[in-house]
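First the structure, in the form of structure tokens, and then the observations on it.
The residues of the chain are indexed from 1 along the displayed sequence. In listed order, ligands and their atoms are each counted from 1.
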Amino acid sequence: MRMSEEEFAEYLRNNKRVDGRDFFDPRPLRMEVGIVERAEGSAFVGMGRTWVLCVVRGPMECVPSHLADPEKAVLDVAYRMATFSTEERKSPSPSRREIELSKIIREALEPAIILDEFPRMMIRVYCLVIQADGGTRTASINAASLALAHAGIPMRDLVASVAVGYYEGKILVDLNAIEDEICADVPIAMMPSHNKITLLQADHRFPLARLRDMIEAGRQAINKIYDLQRKTLKEVYEKIARDIGE
Ligand code: ADP
């Protein structure tokens with residue numbers, strides 16, 4: 001769906017979002033772990049029409065071996081968009097954007113993972129965007145954090161993430177693709193129990209004086225995402241406990 005900026009601005013002036021959500025509401029969330037049997041950890045995250053599958057392999061031998069770090073495990077993150085994830089077929093070759101987002105997602109996750117428990121090893125994280133409608137990096141971070149926990153990788157906290165937008169004085173949480181195209185956009189990731197921000201980016205201009213309000217709005221949505229991440233993991237472990245008769 002395309003929309004002119006004038007049409008978009010009209011929605012906001014009438015205090016409405018294009019998909020009818022309240023300004024601080026995240027999109028409907030879906031989470032599931034244990035999707036891929038062959039992997040140590042896997043997770044699906046849906047944030048509205050943005051869907052990401054994340055697979056975690058390892059800890060395993062570091063390949064290529066010259067990348068091995070004697071102090072800690074190397075975290076390798078690959079973010080890709082499936083060719084069918086966008087309206088127009090996306091080229092299958094990795095774009096500069098995908099390479100950059102792989103690095104950004106890795107940096108958002110690293111502070112939460114206790115990497116020094118696995119010196120010389122590698123942990124691989126694959127994030128595949130199945131359907132893209134804005135916020136694919138934040139959905140990837142949410143899915144990767146779930147998949148890492150599902151793989152049993154020791155972590156200080158989960159990482160939860162959302163993008164917060166700004167347009168003509170209004171703050172909008174969890175932007176869809178139409179909103180992402182028009183608004184200034186601040187993707188945020190946090191380790192909620194540690195009250196620590198692990199990612200803060202800014203795309204386009206917005207008044208710096210509103211940044212604190214934007215982070216606060218993001219925090220509310222992040223807490224909702226975090227609660228569902230924990231509930232999703234808890235249900236899996238409760239089922240395992242039931243299956244082994246504990
Ligand atoms: P994010 O997905 O984290 O918001 P961007 O701001 O780079 O990252 O992208 C915004 C949105 O633009 C994506 O979620 C997707 O819906 C759309 N998009 C990105 N890259 C492409 C592409 N190659 N083809 C079509 N749409 C794309």
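Under the 4.0 Å distance rule, the nearest protein heavy atom to atom 17 (C) of ligand 1 falls outside the cut-off. For atom 24 (N) of ligand 1, the nearest protein heavy atom lies closer than 4.0 Å.
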Practice problem: Would you check, one step at a time, whether the test salt bridge (charged side-chain N to carboxylate O under 4.0 Å, His left out) holds for E100 with K103? | Solution: CA-CA 5 Å; E100 185 194 327; K103 175 177 178 286; over 6 Å; no
Quiz prompt | salt bridge (charged side-chain N to carboxylate O under 4.0 Å, His left out) assessment of E6 paired with R13 | solution = CA-CA 10 Å; E6 195 37 54; R13 275 181 218 122; 3.4 Å; yes
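In terms of protein heavy atoms, atom 4 (O) of ligand 1 is closest to G135 N, 2.9 Å. Among protein heavy atoms, the minimum distance from atom 3 (O) of ligand 1 is reached at R137 NE, 2.8 Å. Closest protein heavy atom to atom 13 (C) of ligand 1: G134 N, 3.8 Å. For atom 21 (C) of ligand 1, the closest heavy atom belonging to the protein is M81 CE, 4.0 Å. Scanning the protein heavy atoms around atom 15 (C) of ligand 1, the nearest turns out to be A132 CB, 3.7 Å.
Between T138 and ligand 1, no pair of N/O atoms sits closer than 3.5 Å. Residue A177 places no N or O, backbone or side chain, under 3.5 Å from any N or O of ligand 1. Looking at L101 next to ligand 1, no N or O pair under 3.5 Å apart turns up. When only interatomic distances are considered, the shortest N/O to N/O separation between T136 and ligand 1 falls below 3.5 Å. Taking any N or O of D203, backbone or side chain, none lies under 3.5 Å from an N or O belonging to ligand 1.
L12 and V164 fall within a single hydrophobic cluster, where Ile, Leu, Val, Met, Phe, Trp and Tyr side chains are chained together by heavy-atom contacts under 4.5 Å. F24 and I215 fall within a single hydrophobic cluster, where Ile, Leu, Val, Met, Phe, Trp and Tyr side chains are chained together by heavy-atom contacts under 4.5 Å. Residues L101 and I130 do not share a hydrophobic cluster, clusters being chains of Ile/Leu/Val/Met/Phe/Trp/Tyr side chains in contact below 4.5 Å.
One finds a salt bridge joining R106 and E110 here, because a Lys/Arg side-chain nitrogen approaches an Asp/Glu carboxylate oxygen to under 4.0 Å.
No side-chain donor from either of R137 and N142 sits under 3.5 Å from a side-chain acceptor of the other. Between the side chains of Y166 and D185, not a single donor N or O lies within less than 3.5 Å of an accepting N or O.
Under 4.0 Å from ligand 1, not a single heavy atom of V129 appears. Contacts of R97 with ligand 1, taken as heavy-atom pairs under 4.0 Å, involve the side chain alone. Residue contacts with ligand 1 for T86 involve side-chain atoms from C-beta outward but no N, CA, C or O (heavy atoms, distance under 4.0 Å).
Counting non-hydrogen atoms of neighbouring residues, nucleotides and ligands closer than 6.0 angstrom, the CZ atom of R38 reaches no more than 12 such neighbours.
Close contacts between ligand 1 and D133 involve ligand atoms 16 (O) [criterion: under 4.0 Å to a heavy atom]. Remark: ligand 1 atoms within the under-4.0 Å shell around heavy atoms of D180 are 4 (O), 6 (O), 10 (C).
Between F23 and I171, the closest side-chain pair of non-hydrogen atoms is not below 4.5 Å.
Ring orientation note: the planes of Y167 and F8 are nearly perpendicular, at an angle over 60° on the 30°/60° scale.
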